[in-house]
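One structure is given below, encoded as structure tokens.
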2 protein chains.
Amino acid sequence: MDRSGGRARHSGDLIAALSGRNLAHNLHSDVLWDMGFAIVSGQYAQGSILPPDTELLDRFRVSRTVLREALKTLAAKGLIEARARIGTRVLPRNRWNLFDADVLAWHFELGPEVSFLQSLAEVRIGIEIEAAALAAERRTEEQAKLLMAAVDRMEGARTPEDFARHDLEFHKAVADASGNPFMASISALVEMALTAAFTISSPVNEPEALTQTVAVHRAIAQAIVDKSSQGAREAMRVAIAEGFARAAGRMEGLEVKP
Amino acid sequence: MDRSGGRARHSGDLIAALSGRNLAHNLHSDVLWDMGFAIVSGQYAQGSILPPDTELLDRFRVSRTVLREALKTLAAKGLIEARARIGTRVLPRNRWNLFDADVLAWHFELGPEVSFLQSLAEVRIGIEIEAAALAAERRTEEQAKLLMAAVDRMEGARTPEDFARHDLEFHKAVADASGNPFMASISALVEMALTAAFTISSPVNEPEALTQTVAVHRAIAQAIVDKSSQGAREAMRVAIAEGFARAAGRMEGLEVKP
DNA sequence: AAGCCAATATTGTCATACTTATTCACCTGT
DNA sequence: ACAGGTGAATAAGTATGACAATATTGGCTT
């Protein structure tokens, strides 16, 4: 089983890159990604015991320092737990920190399944609807201007990447305006993941889809400007549902309820 | 500034205990909590550089291994980032993993401010409302029974700890029934919110508050049993808002909108 | 048979040395 | 005087080997 040098990374990298994370791959990050992916992909079952240090040392050909730091990182993300004389156990999935960028990336690396994307979208609906409602109550004048400007830039986008960037920017602005740090943190992550997964099916290529998407986003912005939290809620729900439906439909005729 | 031996932990322990987390405090977890709290509490400002390894080694009187593993853990949670020749920098708050149980605990340790509790409640509303709605659509018969049983246990609770445990259990059951793994993984957040609220005021001590809390939770369970997603949504919103309002009201006559 | 104890395996900690990356200042050539 | 390369200094990264702590296992004692 050859694991040495020159491993290529897949879609997980996209997320890492988008998140502005340092790709500088040290030795320990190699081990980290290898083990992290192995756990997330089920190669090491939940509740099972990882091979002891000595065996992993031999497999990766690194020093104990490096191996242990990688394992500590996994432990920090809730994937494993080490106990003397017992070994290092893979924790049950409900203890994993699924909102960690790396953990998310490892999930994406094994091919984004529709059910996984749908779960993410459901979370996004919950979070962003509230964020929009709160933004409507609390937005400052500057934030209102930023929102409107973001919509304009979406309208003007000519490439899928541009559109995705401004779309992201818009939703980030909403989260910021909500004044809730948790909203900002979680929505950034979730959106990034979904954007990475869905840039393929961008509305830019279909004129009427673009028009509609922009219109919905403008409705959100307008509701927030008008301080109508209920309006913001509803418009946001439509925006997300439509976006997801389009992307998912593109993948394999799956639909979601609004 | 003396930080040496015999440091005591505060309220964070209570949370850790409730969550069944291993309290076994290694050396490295001492350093971890000390540094983590120092960062979260702003002792080390965002964007600033931590003291170099050598100084921290001297301060904590531990080996380099221990210090580095603690720092790696902080890095894994998004609090810091190390760069050669520069030092270890505290990352801006929006890169922190706020949904991490430890990071939350550190926040809580510097005194649960109303604004913090409110942010938590807002996020919970977003997430748990959707969870309840999804649970109403997807719950199995077994899950329905579990929910009802949890409510009964809440009603029968005689100590604040018992009540808190069963309350948490109830919310976990809802998240499970939603079939969405992300919903379940924010239980750390819920735990924190509940623990915080109950350390301030437990409904157990006020008969009518207890009756009302139980009634609202029963309404959630009933809606899920009846597969009424809209009903579940509304009941859940009330439950969370009321819980927060009670705690906040106790702290300083502040009110929230539902 | 029950309970205690010691052997053992596995992670935790330590100390030290060496390697690599990155910045900053100096130095050189134009 | 300025542009650009060059190297020294600094801090993190890696390696290694030894020892400590801890919990399981199985044997020993009572």
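Note that the coordinates shown come from a computational prediction; the quantities given were computed from them, not determined experimentally.
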Task: Between D:dT14 (P) and A:F60 (CZ): distance, integer Å - done: 14 Å
Task: Lys/Arg N to Asp/Glu carboxylate O, A:D176 vs A:K172, below 4.0 Å - done: yes
TODO: Walk me through it: do A:E122 and B:R138 pass the test salt bridge (Lys or Arg N to Asp or Glu O under 4.0 Å)?
DONE: CA-CA 14 Å; A:E122 286 164 1; B:R138 298 172 182 167; 2.6 Å; yes
Open item on the list: From CG of A:L71 over to P of C:dT10, roughly how many Å is that when rounded to an integer?
Closed with: 15 Å
Task: Given D:dA12, D:dA23, C:dT23, the nucleotide with the shortest approach to the side chain of B:I86 - done: C:dT23
- [ ] Could you please name the option among D:dG13, D:dT25, C:dT22 that lies closest to any side-chain atom of B:R68?
- [x] D:dG13
TODO: Write down the distance between CG (B:L27) and P (D:dC19), rounded to a whole number of angstrom.
DONE: 19 Å
TODO: Using the closest heavy atom to pick a nucleotide of DNA chain C for each, name whichever of A:T65 or A:T54 lands nearer the 5' end.
DONE: A:T54
Task: Value in whole Å for how far the P atom of C:dT22 lies from CD of B:E81 - done: 12 Å
TODO: Send over the distance from B:R89 CZ to D:dA12 P, rounded to a whole Å.
DONE: 12 Å
- [ ] For the side chain of A:A84, starting at C-beta, report the closest nucleotide among D:dT22, C:dT13, C:dT23.
- [x] D:dT22
Open item on the list: Go nucleotide by nucleotide along DNA chain C from the 5' end; which of B:R64 and B:H28 gets its closest nucleotide reached first?
Closed with: B:H28
Open item on the list: Rounded to whole Å, please give me the gap between CG in A:L56 and C1' in D:dA15.
Closed with: 17 Å
TODO: Mind listing the closest non-hydrogen atom pair of A:S185 and B:W96 along with its distance?
DONE: OG-O, 4.0 Å
Task: Length of the CZ-C1' vector between B:R61 and C:dT13, whole Å - done: 16 Å
TODO: Using a 4.5 Å cut-off on heavy atoms from C-beta on, say whether the side chain of A:L71 contacts that of A:D53.
DONE: yes
TODO: Report which part of the nucleic acid B:T88 touches: base, sugar-phosphate, or nothing (heavy-atom distance under 4.0 Å, all strands).
DONE: sugar-phosphate
Open item on the list: I'd like to know if B:R85 reaches the base of D:dA9 with its side chain such that a donor and an acceptor end up less than 3.5 angstrom apart.
Closed with: yes
Task: A:R153 CZ: over 12 foreign heavy atoms closer than 6.0 Å - done: yes
Open item on the list: Any side-chain N or O of B:S63 below 4.0 angstrom from OP1/OP2 of C:dC14?
Closed with: yes
- [ ] Let me know the distance between NZ of B:K72 and C1' of D:dA12, rounded to the nearest Å.
- [x] 9 Å
